Amino acid sequence: MSSPEQASLERARELLAEFPVVDGHNDLPWALRSQVRYDLDARDIATDQRAHLHTDLPRLREGGVGAQYWSVYVRSDLPGALTATLEQVDCVRQLIARHPGDLRGALTAADMEAARAEGRIASLMGAEGGHSIDNSLAALRGLYALGVRYMTLTHNDNIAWADSATDVPAVGGLSEFGREVVREMNREGMLVDLSHVAATTMRDALDTTAAPVIFSHSSARAVCDHPRNIPDDVLERLPGNGGVAMVTFVPKFVLQAAVDWTAAADENMRANGFHHLETTPEAMKVHRAFEETHPRPVATVSTVADHLDHMREVAGVDHIGIGGDYDGTAFTPEGLNDVSGYPNLLAELLDRGWSSTDLAKLTWQNAVRVLGAAEDVARDLQAKRGPSNATLGQLDC
């Protein structure tokens with residue numbers, strides 16, 4: 001490595017020591033479920049797990065991660081999604097209890113700051129998909145009570161009250177019950193996450209919410225034209241809303257050539273009897289065999305930085321963050337192979353002229369601010385009204 005490159009990397013690590021990464025989305029709990037059915041001895045994240053996972057404690061430390069939203073995702077086609085989500089929540093709670101020297105459970109922005117002061121990794125939870133509440137506002141409140149601090153309104157499929165980015169439009173954005181879900185999330189203090197949702201759903205949520213929103217793992221559609229990414233007109237609304245868009249590293253969302261390759265790879269997975277999102281060893285064998293005959297386009301640190309440059313230009317530096325989606329993707333960019341790679345991204349941004357102040361906002365300050373703002377809105381709303389007991393049938397007929 002040349003001297004200038006080494007200097008940028010050393011400076012990046014110094015910055016992360018003061019303002020570590022708040023990562024908006026990591027699918028470690030699902031990987032632990034699918035690989036070892038929550039046998040935490042079989043996948044002890046206190047030790048090097050690079051043969052199986054993108055994530056373990058030594059690499060989180062190496063990567064300068066100071067807070068992690070652990071996704072308590074379950075597939076939208078899984079029967080008993082609410083029960084499975086509770087199992088995912090339990091997995092995160094077990095991880096925190098098992099590793100108290102490294103992980104600290106966090107429910108508030110103040111908890112995040114306390115973890116940073118202690119040198120521990122603040123551990124928060126995000127539910128990925130409104131199917132996890134089974135059309136029940138009471139279930140939503142229950143997840144909040146258990147520590148879930150954001151909910152992605154949809155995953156890859158539409159639900160009864162919201163359209164997904166990767167399904168055929170059905171609702172036209174948010175239904176009236178969907179708007180009530182957003183209002184109840186505001187009243188609880190749960191962040192509204194607009195990754196995975198259709199652009200119409202994004203706009204309806206921004207029209208409805210009283211609190212800042214997040215995109216826990218999405219990139220810029222103007223840079224890579226994939227429906228999972230954020231259109232510029234939505235990015236332009238974030239300063240008025242106060243929200244944060246957290247760039248993702250998934251190659252098929254950040255590199256246009258990878259979009260086309262992934263469509264073919266997904267079809268191959270389905271033809272071999274696997275769900276296209278599976279990352280089990282058997283599924284990965286099918287992926288690797290396909291890749292041998294169809295070389296995969298490779299995203300890089302620079303590819304991700306291109307998205308951040310654009311998102312900063314459109315939304316402003318106060319409204320961007322990082323959400324890598326580790327352990328939720330089969331492939332990662334070169335230089336961002338696992339959770340140890342964040343310094344490489346910061347070094348690239350330093351070389352592009354980003355200031356220390358810019359990077360502190362990107363890694364830590366914006367994400368902490370947005371959770372604190374959601375808490376402020378919730379206190380105000382709770383003083384004005386009680387919980388909603390509306391149902392899907394009442395509001396959407």
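Only a predicted model underlies this, so the values are computations on that prediction, with no experimental measurement involved.
Remark: E334 CD is loosely packed, at most 12 non-hydrogen atoms of other residues, nucleotides or ligands lying under 6.0 Å away. No more than 12 heavy atoms of other residues, nucleotides or ligands sit less than 6.0 Å from atom CZ of R93.
For the pair D102 and R61, the salt-bridge criterion is met [side-chain N within less than 4.0 Å of a carboxylate O]. Using a cutoff of 4.0 Å between basic side-chain nitrogens and carboxylate oxygens, D56 and R43 are not scored as salt-bridged. A salt bridge does not link R120 to E113: none of the charged nitrogens lies less than 4.0 Å from a carboxylate oxygen. By the 4.0 Å N-to-carboxylate-O rule, R352 lies close enough to E348 to be salt-bridged with it. For R59 and E62, the salt-bridge test fails: no basic side-chain N is under 4.0 Å from an acidic carboxylate O. A salt bridge links E87 to R37: at least one charged side-chain nitrogen sits closer than 4.0 Å to a carboxylate oxygen. Salt-bridge formation is not detected for the pair K285/E282: no Lys NZ or Arg NE/NH1/NH2 atom is positioned less than 4.0 Å from an Asp or Glu carboxylate oxygen. Look at D351 and R11 and you find no salt bridge, because none of the NZ, NE, NH1 or NH2 atoms lies under 4.0 Å from a carboxylate O. Using a 4.0 Å cut-off between charged nitrogen and carboxylate oxygen, E184 and R141 count as a salt-bridge pair.
Residue I121 forms a side-chain contact (heavy atoms from CB on, under 4.5 Å) with just one option from L60, D23, V21, and that option is L60.
Two residues are said to be in side-chain contact when any heavy atoms from C-beta on lie closer than 4.5 Å; M284 and R288 meet this criterion. Counting only heavy atoms from C-beta outward, the side chains of T332 and F249 never approach each other to under 4.5 Å. Counting only heavy atoms from C-beta outward, the side chains of L153 and M185 approach each other to under 4.5 Å.
Under the 30°/60° scheme for interplanar angles, the aromatic rings of Y69 and Y150 are found to be tilted. Relative orientation of the Y326 and H54 rings is perpendicular, given thresholds of 30° and 60° on the angle between their planes.
Between the side chain of D163 and the backbone N or O of G172, at least one donor-acceptor pair lies under 3.5 Å. Here the side chain of N229 pairs a donor or acceptor atom with the backbone of C224 at under 3.5 angstrom. Under a 3.5 Å cut-off, the side chain of N158 and the backbone N or O of V168 do form a donor-acceptor pair. A donor-acceptor pair under 3.5 Å is formed between the side chain of D204 and the backbone N or O of L174. Q49 places a side-chain N or O within 3.5 Å of a backbone atom of D44 that can act as its donor or acceptor partner. Between the side chain of N272 and the main chain of F274, no donor-acceptor pair closer than 3.5 Å is present. Remark: side-chain polar atoms of E292 are not paired, donor with acceptor, to backbone N or O of A289 under 3.5 angstrom.
Considering CG of D309 and CG of L349, their distance stands at 6.5 Å, rounded to 0.5 Å.
With hydrogens and angles left out, the side-chain atoms of D338 and S340 include a donor and acceptor closer than 3.5 Å. Side chains of N366 and H319: a donor-acceptor N/O pair is absent below 3.5 angstrom, by distance only. R187 and S388 share no side-chain donor-acceptor pair at under 3.5 Å. Side-chain N/O atoms of S218 and R228 include a donor and acceptor closer than 3.5 Å. Using modelled atom types, one finds a donor on one side chain and an acceptor on the other under 3.5 Å when comparing D232 with H310. Under the 3.5 Å distance criterion, with hydrogens and angles disregarded, no donor-acceptor pair is assigned to the side chains of D325 and T248. For the residue pair W161/N135, the side-chain donor-acceptor check at 3.5 Å is satisfied. Side chain to side chain, Q35 and H52 fail the donor-acceptor criterion of an N or O pair below 3.5 Å.
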Practice task
Using the side chain to side chain donor-acceptor pair (under 3.5 Å) rule, take H25 and E128 through it: C-alpha gap first, then chi angles, then the decisive distance, then the call.
Solution key: CA-CA 9 Å; H25 194 88; E128 191 175 16; 3.2 Å; yes

Problem - Residues D358, S355; criterion side chain to side chain donor-acceptor pair (under 3.5 Å); working and verdict - result: CA-CA 5 Å; D358 292 340; S355 69; 3.2 Å; yes

Practice task
List the steps, then state whether side chain to side chain donor-acceptor pair (under 3.5 Å) holds for D27 with S71.
Solution key: CA-CA 5 Å; D27 276 302; S71 175; 3.3 Å; yes

Problem - Intermediate values then yes/no, side chain to side chain donor-acceptor pair (under 3.5 Å), N26 and T55 - result: CA-CA 8 Å; N26 184 303; T55 308; 3.0 Å; yes

Practice task
Report the C-alpha separation of R203 and L206 in whole Å, then their side-chain angles, then the decisive distance to 0.1 Å, and conclude whether the side chain to side chain contact (heavy atoms under 4.5 Å, CB included) test is met.
Solution key: CA-CA 5 Å; R203 297 177 187 119; L206 284 164; 5.7 Å; no

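Between H155 and S164, the shortest heavy-atom contact is O-OG, 2.8 Å. Annotation for R221 and H226: closest pair NE-O, 3.4 Å, computed over non-hydrogen atoms. When every heavy atom of V148 is checked against every heavy atom of V89, the shortest pair comes out as CG2-CG2, 4.1 Å.
Follow the hydrophobic side-chain contacts under 4.5 Å out from W354 and you reach L15 in the same cluster. Follow the hydrophobic side-chain contacts under 4.5 Å out from V247 and you reach M202 in the same cluster. Put simply, V304 and V259 are part of two different groups of oily side chains (I, L, V, M, F, W, Y) that touch within less than 4.5 Å, one to the next. Under the 4.5 Å side-chain heavy-atom criterion for ILVMFWY residues, no single connected hydrophobic cluster contains both W364 and L103.
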